[in-house]
Amino acid sequence: PLEMSAKKPVPFLRQVVPVRKKVQRDPRFDDLSGEYKPEIFMKTYSFLDSIKKQEKEMVQKQLKKCRNMEQKEKLQRLLNRMTQQERAQIKQQKLRERELSLKRQQRELAKQGKKPFFLKKSEKRKLELAEKYAELKRSGKLESFLNKKRKRNAIKDKCHLPSQKSL
């Protein structure tokens, strides 16, 4: 706006130049950005997997060459984080595939004229546990897994038992 003298009164109908406000938008919640579909996202950014694999190999090579203990520890933590992320991604992908297969089955049943039946969370968990059991049995690690589970449960039970001091 123009500067005006403080001596004379401001006219009632003065001209003000409107300033356009910048509208900030968050792409996570905005419709303009489109809908998030994990399948499409994974396909679009699948090239990142190969890059991550190369980076992991590079870190492993550096870890073998490294002599400094501090640097070695840092690299080891980085490598652990990378492997954990990889495992989590694989686990998430399996979960998504399982859900998609269940949806397909429901669609087929609906086409046949049957009423759709949706599993509860507990039922899904039981199916997941059964699948994990089958996987462990196939790989031959079932016995060690069950031993660890027994030990963990025994420690939990000990905590709930009354101690000798209180008697």
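Residue indices begin at 1 and follow the sequence shown. Computed from heavy atoms alone, side chains included, the values below leave out hydrogens, waters and symmetry copies.
Within the model, atoms CG of Leu75 and CD of Gln71 stand 5.0 Å from one another, a figure rounded to the nearest 0.5 Å. One distance of note links CD1 of Ile51 with OH of Tyr45; it measures 12.0 Å at 0.5 Å rounding. Here the CZ atom belonging to Phe118 is positioned 9.5 Å from the NZ atom belonging to Lys124, to the nearest 0.5 angstrom. Taken from CE in Met58 to NZ in Lys53, the straight-line distance is 16.0 Å, to the nearest 0.5 Å. For the atom pair Asp157 CG and Cys159 SG, the distance stands at 9.0 Å (nearest 0.5 Å). With rounding to the nearest 0.5 Å, the separation of CD in Gln84 from CG in Asn80 is 6.5 Å.
Summarising the geometry of Glu39 relative to Leu100, their closest heavy-atom pair is OE2-CD1, 4.0 Å, with the distance given to 0.1 Å. Closest heavy-atom contact between Glu55 and Met82: CB-CE, 3.9 Å. The shortest non-hydrogen separation linking Leu63 to Gln76 is CD2-OE1, 3.1 Å. Shortest non-hydrogen contact noted between Cys66 and Lys72 is SG-N, 3.7 Å.
Using a 4.0 Å cut-off between charged side-chain N and carboxylate O, Glu131 and Lys94 make no salt bridge. The pair Arg77-Glu73 meets the salt-bridge criterion, since a charged nitrogen lies less than 4.0 angstrom from a carboxylate oxygen. Look at Glu99 and Arg96 and you find no salt bridge, because none of the NZ, NE, NH1 or NH2 atoms lies under 4.0 Å from a carboxylate O.
Note on Leu161: it does not cluster hydrophobically with Ile155, by side-chain heavy-atom contacts below 4.5 Å among ILVMFWY residues. Residues Leu136 and Leu146 fall within the same hydrophobic cluster, defined by Ile, Leu, Val, Met, Phe, Trp and Tyr side chains chained together at heavy-atom separations under 4.5 Å.
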- Dump the intermediate steps for side chain to side chain contact (heavy atoms under 4.5 Å, CB included) on Leu129 and Lys126, then the final yes or no. CA-CA 5 Å; Leu129 198 63; Lys126 283 178 185 175; 5.6 Å; no
- Between Arg150 and Asn153, does a side chain to side chain donor-acceptor pair (under 3.5 Å) hold up when you go through it step by step? CA-CA 5 Å; Arg150 271 189 221 106; Asn153 288 339; over 6 Å; no
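Arg125 places a side-chain heavy atom less than 4.5 Å from the side chain of Lys121. Looking at heavy atoms from C-beta onward, Leu95 lies in side-chain contact with Arg98 at the 4.5 angstrom threshold. Taking the side chain as every heavy atom from C-beta outward, Gln62 and Lys65 never approach each other to under 4.5 Å. A 4.5 Å side-chain heavy-atom check between Gln89 and Gln85 finds every atom pair outside the cut-off.
Counting non-hydrogen atoms of other residues, nucleotides and ligands closer than 6.0 Å to CG of Asn147 gives a total above 12. Dense packing is recorded around CD of Glu123, with more than 12 heavy atoms of other residues, nucleotides or ligands lying under 6.0 Å away.
The side-chain contact (heavy atoms from CB on, under 4.5 Å) test with Glu86 singles out one residue from Lys52, Lys56, Lys91, Arg81, and that residue is Lys56.
Applying the ring-ring contact (aromatic ring centres under 6.0 Å, His included) criterion to Tyr36, with sequence neighbours excluded, gives Phe41.
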